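All of these numbers come straight from a predicted model, not from anything done at the bench. Residue numbers start from 1 in every chain, and the chains themselves are labelled A, B, ... in the order their sequence lines are given, proteins ahead of strands.
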There are 2 protein chains.
Amino acid sequence: MYQTVKPKIDSVQSDCGVCPIKRRAVCAYCEAQDLAELEKIKSYKTYAPGEMIIWTGDDMRFVGSIVSGVASLSQTMEDGRRQMVGLLLPSDFVGRPGRAKAVFDVEAATEVTICRFDRKPFEKLLVKLPHLSGRMLEMSLDELDAAREWMLVLGRKNAREKIASLLSIIARREGELHKKPLLDGAEFDIKLTREAMADYLGLTLETVSRQINALKKDGVISLQGKRHVKICDCARLMMETGDDDDGGMVI
Amino acid sequence: MYQTVKPKIDSVQSDCGVCPIKRRAVCAYCEAQDLAELEKIKSYKTYAPGEMIIWTGDDMRFVGSIVSGVASLSQTMEDGRRQMVGLLLPSDFVGRPGRAKAVFDVEAATEVTICRFDRKPFEKLLVKLPHLSGRMLEMSLDELDAAREWMLVLGRKNAREKIASLLSIIARREGELHKKPLLDGAEFDIKLTREAMADYLGLTLETVSRQINALKKDGVISLQGKRHVKICDCARLMMETGDDDDGGMVI
DNA sequence: TTGCCACTTTGATCTGGGTCAAAGATTAAA
DNA sequence: TTTAATCTTTGACCCAGATCAAAGTGGCAA
């Protein structure tokens with residue numbers, strides 16, 4: 001029995017990478033069952049950079065997860081003020097089971113591929129497969145902690161600390177994807193414009209630009225081009241975030 | 001069968017009010033089963049105003065829900081800057097299944113009674129009772145949306161809009177408890193000091209004081225004492241929050 | 001009823017980051 | 001290779017909200 005389903009896990013996993021939800025310690029058999037059921041209702045879609053994946057108020061026909069690329073989750077006020085409330089990287093979940101209308105915008109920052117599941121059948125599976133809902137719960141609790149940690153950044157940190165926090169989070173998540181720890185010399189692309197960073201941090205794009213260049217001048221980071229960052233001094237960057245220790249930050 | 005368990009629902013519900021988790025549309029039978037199981041592992045504890053319920057880093061022996069009173073969920077930086085990341089009112093969940101160490105402080109703002117469940121047995125029930133984990137999922141997704149909505153307040157609203165947002169949220173949640181809609185003339189106590197409000201809004205207590213008195217001077221609200229608020233003009237208050245419409249705000 | 005303590009208000013001043021403006025850089029299209 | 005469009009940097013100035021300081025308020029314990 002185990003033998004016959006084992007290949008299925010691999011095929012599904014290699015197929016869509018991390019979909020439908022971040023992999024956890026679950027017995028292989030149950031995971032295979034879940035994935036096999038999900039397999040039937042999934043499809044893929046790719047979005048161009050800058051394309052809107054979901055508009056606030058849209059009917060939500062699907063949920064899914066990011067396979068590749070970076071997307072932003074954000075809110076906009078009528079006067080144009082915008083706040084990003086989440087940065088969606090590969091393995092992150094998109095959409096909300098149980099909700100018919102979107103309450104946030106989702107926009108592709110780079111080219112983005114999403115593994116999608118029709119919402120209604122997905123919700124039925126959620127009831128049928130306890131492991132699936134268990135993992136969804138675990139994920140949403142992690143995201144909730146991450147959102148709450150971000151509130152400290154938005155509410156109490158100054159501009160320099162905000163930039164340092166953003167860089168350390170992107171660096172850490174980038175490292176996770178490639179299974180590398182965060183060390184001096186780590187390099188990565190920021191896949192966001194200065195404006196998108198500002199929208200995430202509750203700043204203006206001018207302030208973001210000034211603070212990034214200040215961190216560069218102070219030798220904490222170095223830049224190659226506008227978007228490619230090298231972290232020269234990890235410990236220093238962590239200090240600059242204003243957080244106590246090496247960063248128990250979630251996400 | 002239904003008949004024999006029905007009284008149990010009532011007894012449990014009247015016993016601890018809303019525990020263990022916000023009531024939803026679930027078939028009465030399943031709910032009764034869940035509650036009967038939970039009944040066995042629950043206990044109550046009451047905390048004095050100002051008392052710490054959980055310190056960041058504590059071993060989490062229990063999870064539970066607020067029965068009465070108001071508590072705050074917050075984070076503190078070493079230099080003393082503090083950010084409240086959640087306001088816990090009756091029916092709100094406390095703690096995180098699957099996590100052994102607390103990552104936020106929980107403090108009683110008023111006298112608080114909590115209906116507690118030992119964490120380990122609760123986690124086992126979570127696996128055993130699909131309805132329970134389903135409802136937990138629904139709750140945590142709601143809280144996640146609420147946290148994200150609050151990010152807009154922290155990141156993009158000015159002091160006056162922040163105060164208006166806080167008042168409208170407290171008023172709305174207060175109304176929910178008493179099943180009253182939010183109308184002109186609605187009254188309630190703010191069960192937070194100016195400092196706690198400041199910590200929720202990412203402001204200083206002086207700014208909170210000034211802005212509350214500004215809203216009073218402008219006839220949006222009136223005060224009896226320092227903490228009792230009457231909303232004179234609901235529509236106006238909603239305008240002052242800066243949000244587009246009547247407020248799809250969660251929480 | 002007095003005194004204390006915690007909370008709140010109010011005033012004066014300062015400053016971090018916003019705003020406005022203009023000039024680079026980079027990429028892509030024509 | 002010029003033109004255009006988008007993104008980024010830099011400078012000058014300003015203001016909302018922080019900071020510092022002091023006085024006002026109310027509840028309650030002795």
Salt-bridge test for A/R81 and A/D79: reply yes if a basic N is under 4.0 Å from a carboxylate O, no otherwise.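 The answer is yes: the pair qualifies as a salt bridge.
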Under 4.0 Å between a side-chain nitrogen and a carboxylate oxygen: does that hold for B/K157 and B/D243?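 Yes.
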Angle of first-five versus last-five pair axes in the helix from C/dT1-D/dA30 to C/dA30-D/dT1, to 10 degrees: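 About 30° separates the two local helix axes.
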Base, sugar-phosphate or nothing for A/G202? Non-hydrogen atoms, less than 4.0 Å.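 Sugar-phosphate contact only.
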What does B/R160 touch in the nucleic acid at a heavy-atom separation under 4.0 angstrom: a base, only the sugar-phosphate, or nothing?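 The answer is nothing, as B/R160 stays clear of every strand by at least 4.0 Å.
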Using whole Å, report how far [atom1] of [X] lies from [atom2] of [N].
| X | N | atom1 | atom2 | value |
| --- | --- | --- | --- | --- |
| A/K217 | D/dT10 | NZ | P | 11 Å |
| A/H228 | D/dT8 | NE2 | P | 16 Å |
| A/M197 | D/dT8 | CE | P | 6 Å |
| A/L223 | D/dC7 | CG | P | 18 Å |
| A/D199 | D/dC7 | CG | P | 12 Å |

Please step through side-chain hydrogen bond (donor to acceptor under 3.5 Å, both in side chains) for the pair A/T46 and A/T113, ending with a clear verdict. CA-CA 4 Å; A/T46 296; A/T113 298; 2.9 Å; yes
Does anything in residues 195-216 of chain B pair up under salt bridge (Lys or Arg N to Asp or Glu O under 4.0 Å), and if so which pairs, sequence neighbours excluded?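 Output for this query lists A/R156-B/D199, B/R82-B/D199.
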Which nucleotide of DNA chain C is the first, and which the last, in the 5' to 3' direction, to come under 4.0 Å of a heavy atom belonging to chain A?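 Endpoints of the contacted stretch of DNA chain C: C/dG17 to C/dC20.
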Is the closest side-chain heavy-atom distance between B/L87 and B/V70 below 4.5 Å?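 They are in contact (side-chain heavy atoms under 4.5 Å apart), so the answer is yes.
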Would you say that B/I221 contacts B/E240 through its side chain, given a criterion of any heavy-atom pair below 4.5 Å between the two side chains?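 No, their side chains stay 4.5 Å or more apart.
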Within residues 203-213 of chain B, which residues have any heavy atom lying less than 4.0 Å from an atom of DNA chain D?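 The stretch gives B/L203, B/T204, B/E206, B/T207, B/R210 as the residues lying under 4.0 Å from the strand, ordered by number.
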Scan the side chains in residues 53-61 of chain A for donor-acceptor partners under 3.5 Å anywhere in the protein, sequence neighbours excluded, and list what turns up.
| unit_1 | atom_1 | unit_2 | atom_2 | d |
| --- | --- | --- | --- | --- |
| A/T56 | OG1 | A/D105 | N | 3.2 |
| A/T56 | OG1 | A/D105 | OD1 | 2.9 |
| A/D58 | OD2 | A/W55 | N | 2.9 |
| A/D59 | OD1 | A/K101 | NZ | 3.2 |

Can you name the closest pair of heavy atoms from B/G242 and B/E161 and give their distance?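 It is CA-OE2, 3.9 Å.
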Grab the two heavy atoms, one from A/A108 and one from A/A48, that are nearest each other, plus how far apart they are.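 Result for this residue pair: CB-O, 3.4 Å.
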Gap between atom NE2 of B/H228 and atom NZ of B/K230 - 0.5 Å precision: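 Separation between the atoms: 8.5 Å.
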Ignoring backbone atoms, establish whether A/R227 has a side-chain N or O less than 4.0 Å from OP1 or OP2 of D/dT8.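 Indeed, a polar side-chain atom of A/R227 lies that close.
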Please enumerate all residues that pass salt bridge (charged side-chain N to carboxylate O under 4.0 Å, His left out) together with B/D218, with sequence neighbours excluded.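 Result, salt bridge (charged side-chain N to carboxylate O under 4.0 Å, His left out) vs B/D218: B/R160.
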